[in-house]
Each structure stands twice: as structure tokens, then as C-alpha cells.
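Values below: every heavy atom of this structure, side chains too, minus hydrogens, waters and symmetry copies.
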Amino acid sequence: KGIREQGRYLNSRPSIQKPEVFFLPDLPTTPYFSRDAQKHDVELLERNFQTILCEFETLYKAFSNCSLPQGWKMNSTPSGEWFTFYLVNQGMCVPRNCRRCPRTYRLLGSLRTCIGNNVFGNACISVLSPGTVIAEHYGPTNIRIRCHLGLKTPSNCELVVGGEPQCWAEGRCLLFDDSFLHTAFHEGEP
């Protein structure tokens, strides 16, 4: 049904939810999801927060040696700087990056959700410098739930999905549907 009537679904969606690539009708439409929607994965990630944080801190130290360390990508933003370090990008492992975060990568393999071999599957470390605003945008599809695990979360950082603001908390997961119009910003201290 979704594939057969894709054009109609993408063009007739309300402006608050417009996935750019694929829309599957009849799925729950809510900007944020309860942690119970992915209970096993949320608990696994949160239990291993210190492991992930330790690997992140080792990676992040490389920024003191150069402007854009190997493996990191700079994303376009209206203001500030947004860096990502992909372990899985569009369902494909990024081997060089995974070797630098072996424990985190092994954890990803323990998740019940499908990240690998799925064109919509991503896992990355994302860093917003102070003063960064990510332009409002829509994700590619409504068939996935995004899970953000807060690693370092200074005050005045916010995610707004479907007009609803939420703040990250260190060591806690935040689940959302990025097919809704969303933005993020960091107005706090480094």
C-alpha cells in the first residue's frame, strides 16, 4: 500500500511530518516515543553509557590536534559547527571508525533494532559546538525511531521535534520520529 500510493502520501502529509523518501501509512504518528517502544535497546545503551562515553572522550581529544580529525564529518549548519562520526551509515559499517570504537560497535550488534543492512540505519556520535543551530528538516522515512543517548549534555541544548522541545540528559536515551520537522541547537557552554 505504501509503495503503490507513495506519491499521494508524500504530497498530502501535513507540513509537520513529511518524510523525504518513504512514508508507510498506518504507523503511529508521534514526534516522541516512550522508552518502552525500544525497551531492550534503551536499557542496553544506558547500562553501557560509561563504555560509550569513554570511547567518545578518546575520539574527541583528537580535536585538540587538528581542525577536523580523521573519520569526522562536518555538516552544514546556519550557525556554529556540527560534527558526526559514523559507525554505521545508511546500513553500512564504516570499518575504520568502528575499529576506533570497538566496544561501542559490539554493543550496536547487540541491539534488537535493525541498523545494519538497512538503508535507513545509522549510528553515529554527534557533536554540536556552542552557538550551533541545525536547520529545521525532515528525515527520510517514518519507519524508524531515532534513539539519541546523551553523552555530554551542557545546559541550553535542545531538540525540537514536531514543535515539541525536549532536552537530552547524560546517560539517558531520547526516542523520536525524525520524519517530523525537527531541529536541534546548543546555546550553552562548551
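With values rounded to the nearest 0.5 angstrom, T113 atom OG1 is found 11.5 Å from R144 atom CZ. To the nearest 0.5 Å, atoms OG (S179) and CZ (R146) are separated by 11.0 Å. From Q90, atom CD reaches atom CZ of F120 across 9.0 Å, with rounding to the nearest 0.5 Å. Within the model, atoms CZ of R47 and CD1 of I52 stand 11.0 Å from one another, a figure rounded to the nearest 0.5 Å. With values rounded to the nearest 0.5 angstrom, E43 atom CD is found 8.5 Å from D36 atom CG. Separating the CG atom in N97 from the OH atom in Y86 is a distance of 11.0 Å, to the nearest 0.5 Å.
Both F176 and I16 are assigned to one and the same hydrophobic cluster, defined by single-linkage of ILVMFWY side chains at heavy-atom distances under 4.5 Å. W168 and V127 fall into different hydrophobic clusters, defined by Ile, Leu, Val, Met, Phe, Trp and Tyr side-chain heavy atoms under 4.5 Å apart, directly or through other members. Note on L24 and L175: separate hydrophobic clusters, where clusters join Ile, Leu, Val, Met, Phe, Trp and Tyr whose side-chain heavy atoms are under 4.5 Å apart, directly or indirectly. Under the 4.5 Å side-chain heavy-atom criterion for Ile, Leu, Val, Met, Phe, Trp and Tyr, I134 and F180 are members of distinct hydrophobic clusters. V88 and L44 fall within a single hydrophobic cluster, where Ile, Leu, Val, Met, Phe, Trp and Tyr side chains are chained together by heavy-atom contacts under 4.5 Å.
Other residues, nucleotides and ligands place more than 12 heavy atoms under 6.0 Å from the CZ atom of F33. The neighbour count for M92 CE, taken as heavy atoms of other residues, nucleotides or ligands under 6.0 Å away, does not exceed 12.
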- Task: Kindly determine whether L151 and E57 satisfy side chain to side chain contact (heavy atoms under 4.5 Å, CB included), including the steps that lead there.
- Result: CA-CA 9 Å; L151 297 179; E57 287 176 334; over 6 Å; no
request  = Could you check C93 against Y105 for side chain to side chain contact (heavy atoms under 4.5 Å, CB included), going step by step and ending with a plain yes or no?
outcome  = CA-CA 9 Å; C93 166; Y105 182 65; 3.7 Å; yes
Requested in this report: Show the numbers, then the answer: is there a side chain to side chain contact (heavy atoms under 4.5 Å, CB included) between C54 and R103?
Outcome: CA-CA 10 Å; C54 181; R103 294 177 294 168; 3.9 Å; yes
Decide side chain to side chain contact (heavy atoms under 4.5 Å, CB included) for E55 and T58; before the verdict, give the C-alpha distance in whole Å, the side-chain angles of both, and the deciding distance to 0.1 Å. CA-CA 5 Å; E55 289 188 336; T58 299; 5.7 Å; no
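Partner of T84 under the side-chain hydrogen bond (donor to acceptor under 3.5 Å, both in side chains) criterion, out of N89, N122, N75: N75 alone.
Residue I145 comes nearest to Q38 through the heavy atom pair CD1-NE2, 4.0 Å, listed as atom of the first residue, atom of the second, then distance. Nearest heavy atom pair, residue C167 against residue C157, reads SG-O, 3.7 Å. Counting all heavy atoms, side chain and backbone alike, S76 lies closest to W82 at O-CE3, 4.4 Å. Heavy-atom minimum distance, L108 versus L87: CD1-CD1, 3.9 Å. Contact between Y32 and V161 at its shortest, heavy atoms only, is OH-N, 3.3 Å. Heavy atoms only, all atoms of each residue included: G188 and H186 are closest at N-ND1, 3.0 Å.
A 4.5 Å side-chain heavy-atom check between Q17 and D177 finds at least one atom pair inside the cut-off. The shortest side-chain heavy-atom distance between F83 and L68 falls under the 4.5 Å cut-off. Side-chain contact check for V42 versus K39: every heavy-atom pair is 4.5 Å or farther apart. The shortest distance between side-chain heavy atoms of D41 and C147 does not fall below 4.5 Å. Using a 4.5 Å heavy-atom cutoff, the side chains of Y60 and K152 are not in contact.
Of the possible polar contacts, one joining the E46 side chain to the C173 backbone as a donor-acceptor pair under 3.5 Å is found. A donor-acceptor pair is defined here as one N or O able to donate and one able to accept, closer than 3.5 Å; no such pair exists between the side chain of H182 and the backbone of Y138.
No side-chain donor-acceptor contact under 3.5 Å links T29 and N142. A donor-acceptor pair shorter than 3.5 Å cannot be found between the side chains of T183 and E136.
Ring geometry, W72 versus F63: the interplanar angle exceeds 60°, so the pair is classed perpendicular (tilted spans 30 to 60°).
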